[in-house]
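One structure is given below, encoded as structure tokens.
Quantities reported herein were computed from a predicted structural model and do not represent experimental measurements. First listed ligand is number 1; within each ligand, the first listed atom is number 1.
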Amino acid sequence: MKAIVQDRYGSPDILECRDVPTPVPGPGEVLVKVMAASLNARDWHALRGDPYLSRLTFGLRRPKAPILGTDFAGVVVSGEGFEPGDEVYGEHDGAFAEYVAAPAKVVGPKPANLTFEQAAAMPLAANTALQGLKDLDKGRSVLINGASGGVGTFAVQLAKARGARVTAVCSTRNAEMVAGLGADRVVDYRKQDFATTGERHDLVFDLVGNRSLGDLRKVLAPGGTLLISGGGVYEGGSLFGPIGLVLRSQLVRPLIKDKIQLLGAKPSRANFTALRELAEGGDVTSVIDRTYPLEEAADAMRYLEGEHARAKVVLTVNP
Ligand SMILES: NC(=O)c1ccc[n+]([C@@H]2O[C@H](COP(=O)([O-])OP(=O)(O)OC[C@H]3O[C@@H](n4cnc5c(N)ncnc54)[C@H](OP(=O)(O)O)[C@@H]3O)[C@@H](O)[C@H]2O)c1
């Protein structure tokens, strides 16, 4: 099968579209013929091995998972818990390939009303948004910094579906799109600093990581929660990278009254089933910026690296 392979860490230039053996599903796994896959910030970190601390996860000397990608949608070939031909989506290493073998527990039935491309755009980003907003009650106010990104576009829709009031922070060119997803108020960070509006929110969901803890806490209502995604826009090449904000937040946490939570969203069939229901009910859909054929995955990664993709970038695999 064709797959996007990285033998070492580096820029998108090191990626090769190569013939490799089709994976054989082990116990508890399902073999999926991949129809589409999507890119996430995680793939950028996995490709570059950046920040260095992330290599504890991705592999110290070289990538443990030589095939890039985690999000996929496709058709079941064989394996546990599904019938051949079932349309599914899920999250597992090795997604930028014609076939992926994934644990059945991280694969769910695909939303029937979405294309494979739209479904492939969901798993990691929509699940992150779902987990981040799980305690958000009706009538509460949430500020989402990074609302036009992969996670942010799902977060805006899911927060509205929970009956929250949504303030979305993004750049000028994405303001209209984010308002169209249901945001009650859009703050264009190129024109206005959200930390100086004087407004307070019950939940501040930071998906950018470019602001100080002080700025993020300034817009938090008393008793509110600051939710930090652990990633963000940065130059790369450092030991900690965007994890610096996480470390600082942990140091001050015992000293302050505000609640600070770190997000660590894990994939599960239960979550993908919940997202399927939300998609089929019309509460959430995918926003796709660009689509590339599998062979052009390196170009897709170059585009993602610019950190201004509008929501999701998708690969078509078996069109
Ligand atoms: N902890 C977890 O489980 C978890 C899971 C998923 C993701 N994450 C992290 O969450 C972050 C967001 O992920 P994503 O997939 O949504 O990323 P993304 O699609 O790349 O979105 C990044 C966002 O950053 C905004 N942005 C870029 N430069 C900016 C600047 N200078 N000031 C303010 N905003 C800026 C972009 O908006 P404009 O284009 O409008 O500027 C965009 O909305 C990533 O860092 C990722 O590592 C964590």
Side-chain angles (χ1 to χ4, degrees), residues 38-48 50-51 53-54 57-58 69-71 91 106 120-134 143-158 167-181 183 186-195 204-212 215-216 226-236 240-246 249-250 260-268 271 286-290 300-314:
S38 81
L39 281 64
N40 290 289
R42 184 185 191 277
D43 303 319
W44 182 87
H45 293 292
L47 171 62
R48 296 256 181 191
D50 193 329
L53 268 186
S54 72
T57 304
F58 296 128
T70 48
D71 274 353
E91 186 187 327
V106 294
M122 289 187 75
L124 194 152
N127 185 39
T128 302
L130 186 75
Q131 295 307 296
L133 300 172
K134 66 181 189 311
L143 179 137
I144 300 166
N145 186 32
S148 54
V151 180
T153 45
F154 289 113
V156 170
Q157 298 175 79
L158 291 171
T167 296
V169 182
C170 65
S171 62
T172 314
R173 72 184 194 105
N174 291 323
E176 200 175 316
M177 179 270 289
V178 167
L181 295 175
V186 179
V187 177
D188 176 348
Y189 68 75
R190 295 194 191 279
K191 296 180 183 158
Q192 193 180 14
D193 179 357
F194 70 79
V204 173
F205 193 176
D206 180 43
L207 293 161
V208 185
N210 65 336
R211 302 301 298 256
S212 69
D215 283 346
L216 294 168
L226 170 59
L227 187 56
I228 296 177
S229 69
V233 174
Y234 79 116
E235 297 303 317
F240 297 116
I243 301 168
L245 181 66
V246 173
S249 74
Q250 295 312 288
I260 302 182
Q261 286 179 5
L262 301 181
L263 187 58
K266 297 266 180 288
S268 74
N271 291 349
S286 305
V287 179
I288 295 177
D289 182 352
R290 291 190 186 181
M301 288 300 296
R302 283 183 198 103
Y303 182 60
L304 185 83
E305 281 197 322
E307 297 189 290
H308 289 289
R310 179 179 284 145
K312 295 292 300 186
V313 179
V314 172

Only residue of I260, V204, L207 satisfying side-chain contact (heavy atoms from CB on, under 4.5 Å) with I228 is I260
May I ask you to list the atoms of ligand 1 that are less than 4.0 angstrom from any heavy atom of S171? 38 (P), 39 (O), 40 (O), 41 (O)
Please confirm whether N40 comes within less than 3.5 Å of ligand 1 when only nitrogen or oxygen atoms on both sides are compared. no
Can you list the atoms of ligand 1 that are under 4.0 Å from a heavy atom of G146? 43 (O)
Report yes if R190 has an N/O atom closer than 3.5 Å to an N/O atom of ligand 1; otherwise report no. no
Check this for me - ligand 1, L263, N or O atoms closer than 3.5 angstrom, yes or no? yes
Heavy-atom gap A125 to ligand 1 smaller than 4.0 Å: no
Examine ligand 1 and decide if any of its atoms is less than 4.0 Å from a heavy atom belonging to L124. yes
Polar contacts were defined as any N/O atom of the residue lying under 3.5 Å from an N/O atom of the ligand; does this apply to G149 and ligand 1? yes
Would A265 count as a polar contact of ligand 1, with the cut-off being nitrogen or oxygen pairs under 3.5 Å? yes
Ligand 1 to Y189 polar contact by distance, N or O atoms, under 3.5 Å: yes
Side-chain contact test, heavy atoms from C-beta onward, threshold under 4.5 Å: evaluate it for M301 versus L39 and give yes or no. yes
Which bit of L262 is near ligand 1, meaning a heavy atom under 4.0 Å away: side chain, backbone, both or neither? neither
Side chain D206, main chain G209, donor-acceptor under 3.5 Å: yes
Salt bridge (Lys or Arg N to Asp or Glu O under 4.0 Å) between R211 and D193, intermediate numbers included: CA-CA 11 Å; R211 302 301 298 256; D193 179 357; 2.9 Å; yes
Would you find a donor on one side and an acceptor on the other, under 3.5 Å apart, between the side chain of D71 and the backbone of L124? yes
Could you tell me whether T128 and ligand 1 have an N or O pair separated by under 3.5 Å? no
One residue to check: V151. Relative to ligand 1, which of side chain, backbone, both or neither has a non-hydrogen atom less than 4.0 Å away? both
N210, any N or O under 3.5 Å of ligand 1 N or O: yes
Run the side-chain contact (heavy atoms from CB on, under 4.5 Å) check on L262 and Q250 step by step: do they pass? CA-CA 9 Å; L262 301 181; Q250 295 312 288; 3.5 Å; yes
Considering only heavy atoms from C-beta outward, does the side chain of N40 approach that of K312 to under 4.5 Å? yes
